[in-house]
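Lettering of chains follows the sequences in order, A, B, ..., and the numbering in each one begins at 1.
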Protein chains: 2
Amino acid sequence: MTDDPNGPEALPAGGLLARGQGVALWRQIAQRLERDIASGVHAPGGRLPTEAELAGQYNVNRHTVRRAMEELEGRGLVRIEQGRGSFVAEDVVDYSLGPRTRFSEIIRRQNREPGGRILRVSEMAAETGLAEQLGIRRGRPVIVVERLSLADGRPLVLGTHHFPATRFGRLPDLLRADPSITAALTACGVPDYRRRVTRITARLPTPEEAELLQQSRNRPVLVTEAVNIDPAGEVVDVSTGRYAAGRAQLVVES
Amino acid sequence: MTDDPNGPEALPAGGLLARGQGVALWRQIAQRLERDIASGVHAPGGRLPTEAELAGQYNVNRHTVRRAMEELEGRGLVRIEQGRGSFVAEDVVDYSLGPRTRFSEIIRRQNREPGGRILRVSEMAAETGLAEQLGIRRGRPVIVVERLSLADGRPLVLGTHHFPATRFGRLPDLLRADPSITAALTACGVPDYRRRVTRITARLPTPEEAELLQQSRNRPVLVTEAVNIDPAGEVVDVSTGRYAAGRAQLVVES
DNA sequence: AGAGATTTGTTCGTATGTATT
DNA sequence: TAATACATACGAACAAATCTC
């Protein structure tokens, strides 16, 4: 018989793992947890057993459970919080990447409250690549603006914008009064602009990015690099956005 | 003095780490390696010191070095290969997401050789969400095609396509003769189609995805979900693509 | 082709730090 | 303050993939 010879408080059927076969224990555990989440054994938002409990159930070291949990967190299935526990993941925001992409409009359209703050404004000389994209000469000054944008108070995007300083010198002052970049551009005589091209990649965040986005280091960020132009075709800015991949989904309509 | 009192073959300036401060050792190591890669100390494609060597240089356990390396791999800076070593990362393919997205055309435009093979063709009943997107009734049969697409022999995208079986029943036979989906569709009377909407997210790959894409588990995949329609506006297929994020960059032009 | 060395991958055990309750 | 739960770090051993001779 394969029955567990334990007393009444038998194990929650952790079940035996195939040891010494080709499959690492942590993978098997991740797989089972994934199945249990998909099948609803662990409901969305619900709490998962602690690492120690899982280690006990599967009869492995806690490290082995941790490896499995890290995997699931990276795949977006669970959220791990130090000192609190681990939880099954939820909810995503659709972020439309049309030519006219305005953060607050997009967020409001999804019945969420947009927000944001300027983290840093600085000035530097344009190096070759950036100068070319901005259509200015190398070494000319550019204004660099870092902004964290929120939806319902949760960090969603971390943006770094590069503006030619000659045209947008007033930007730093304007942003101090109102953190909306769109509003600041309007005040600079650019009532409208549109996205010309967007390049999208994904990678794990740097520690700072993870911190600012309040997201796990094991969770990827979507990285967009966009060039915005005004109606005259002049380049307004070159910007990089880092989206918490678990909370945002980019949408491209053709 | 803070000089190292060792002999001529002094340490490669591993330098001392700040122990017991707020910053984890593995983060400090990752940061230094990142700096060394950025500054060209380790050239792209070049080999990094072995884990054991780094552990020696920084005077930490090998696990600590491994944690740092995993971080860098996930961020796309290095590539780790079991039994071989670790290397500084390189090269990326631009994958344009226009309305007319054709794998082979995109790849050839970048002077690379497109390729691919059909992994699996099966039939199943459409569940609610899929049926709605395909514009058919729930439970009607759909053909599921899994295809691995390559550029210069390297896996780039793993695609799962869902076609309504009533209209595209001949697809399985056609794909057996030629793995090109575009060609098969043409043979089914769909000489042209275009992408209506694409949703993009990122996550870590499942073990199978990592295996098929020949990519590390710590490296994210870009996930696209697209709906293709024919000139009459009829839905041709709903497909999911998983791109090796280290080798591809999605480009959206507006 | 095979044997041994090298290098990364997995697992255990143990100890201590940090955040939350 | 104490207990709980996740995070970091060390040491040891063996497995798996690769390379070299």
Side-chain angles (χ1 to χ4, degrees), chain A residues 14 16-31 33 46-74 78-89 204 207 210-211 214-219, chain B residues 14 16-31 33 42 46-74 78-89 204-205 207 210-211 214-219:
Chain A
L16 295 181
L17 301 177
R19 274 169 189 268
Q21 317 302 332
V23 190
L25 296 180
W26 66 263
R27 286 175 195 271
Q28 299 181 49
I29 294 171
Q31 202 165 20
L33 286 171
R47 189 187 186 123
L48 290 169
T50 67
E51 295 175 350
E53 283 169 347
L54 289 170
Q57 285 177 28
Y58 290 112
N59 215 282
V60 296
N61 191 274
R62 206 186 117 220
H63 286 312
T64 308
V65 169
R66 274 177 69 69
R67 186 68 190 85
M69 295 292 280
E70 281 167 12
E71 174 83 6
L72 294 178
E73 180 176 57
V78 310
R79 171 171 42 88
I80 303 174
E81 296 182 32
Q82 180 171 357
R84 295 190 8 95
S86 300
F87 307 85
V88 180
L204 290 186
E211 164 83 30
Q214 282 175 32
Q215 136 171 340
S216 153
R217 294 185 314 275
N218 300 312
R219 216 40 204 287
Chain B
L16 294 181
L17 301 177
R19 288 179 109 101
Q21 318 299 336
V23 190
L25 296 180
W26 68 261
R27 285 175 195 272
Q28 299 181 50
I29 294 170
Q31 204 165 19
L33 286 172
H42 303 298
R47 187 183 188 133
L48 290 168
T50 67
E51 294 174 351
E53 282 168 350
L54 288 170
Q57 285 177 29
Y58 289 113
N59 216 282
V60 297
N61 191 273
R62 201 183 123 219
H63 286 311
T64 309
V65 169
R66 275 177 68 71
R67 184 68 188 85
M69 295 292 282
E70 280 167 12
E71 175 83 4
L72 295 178
E73 179 175 57
V78 310
R79 171 171 42 87
I80 305 174
E81 297 182 32
Q82 179 172 357
R84 298 195 2 98
S86 300
F87 308 85
V88 180
L204 291 186
E211 163 84 29
Q214 283 176 30
Q215 139 174 337
S216 153
R217 294 185 316 274
N218 301 313
R219 224 28 211 291

B/S/- contact track for nucleotides 13-21 of chain C, protein heavy atom under 4.0 Å: BB--BBBSS

Counterpart residues, salt bridge (Lys or Arg N to Asp or Glu O under 4.0 Å), relative to A/Glu51 (two or more places apart): A/Arg62, A/Arg66

Selection from C/dT10, D/dA9, C/dT8 that lies nearest to any side-chain heavy atom of B/Thr50: C/dT8

Spacing of A/Arg67 atom CZ relative to D/dT8 atom C1', expressed in whole Å: 16 Å

Sugar-phosphate, base or nothing in reach of B/Arg66, heavy atoms under 4.0 Å: base

Pairwise 5' ranking along DNA chain D for A/Glu53 and B/Asn59, keeping only the more 5' one: A/Glu53

B/Glu211 CD - D/dA17 P separation (whole Å): 10 Å

Nearest-Å distance for atom pair CD/P, residues B/Glu71 and D/dT8: 10 Å

Heavy-atom check, side chain of B/Leu48 versus side chain of B/Ile80, under 4.5 Å: no

Rounded distance (Å) that lies between atom P of D/dT18 and atom CD of B/Glu81: 8 Å

Closest contact, heavy atoms only, B/Arg19 versus B/Val60: NH1-CG1, 4.2 Å

Per B/Arg19 side chain, nearest of listed nucleotides D/dA9, C/dG9, C/dT10: D/dA9

Nearest-Å distance for atom pair CG/C1', residues A/Leu25 and C/dT11: 7 Å

Side-chain (B/Glu70) to main-chain (B/Asn218) donor-acceptor, under 3.5 angstrom: no

Partners meeting salt bridge (Lys or Arg N to Asp or Glu O under 4.0 Å) with B/Arg84 (sequence neighbours left out): B/Glu81

D/dT8 phosphate, OP1 or OP2, under 4.0 Å from B/Thr64 side-chain N/O: no

Distance, rounded to the nearest Å, where B/Ile29 contributes CD1 and D/dC10 contributes C1': 13 Å

Flag side-chain contact, heavy atom, 4.5 Å: B/Glu71 against B/Ile29: no

Close side-chain approach of A/Val78 to A/Leu33, heavy-atom, < 4.5 Å: no

Nearest-nucleotide pick for A/Arg217, side chain only, options being C/dT10, D/dT8, D/dC6: D/dT8

Whole-Å distance separating the CD atom of A/Glu73 from the C1' atom of D/dC6: 11 Å

Spacing between A/Ile80 atom CD1 and D/dA5 atom C1', to the nearest angstrom: 12 Å

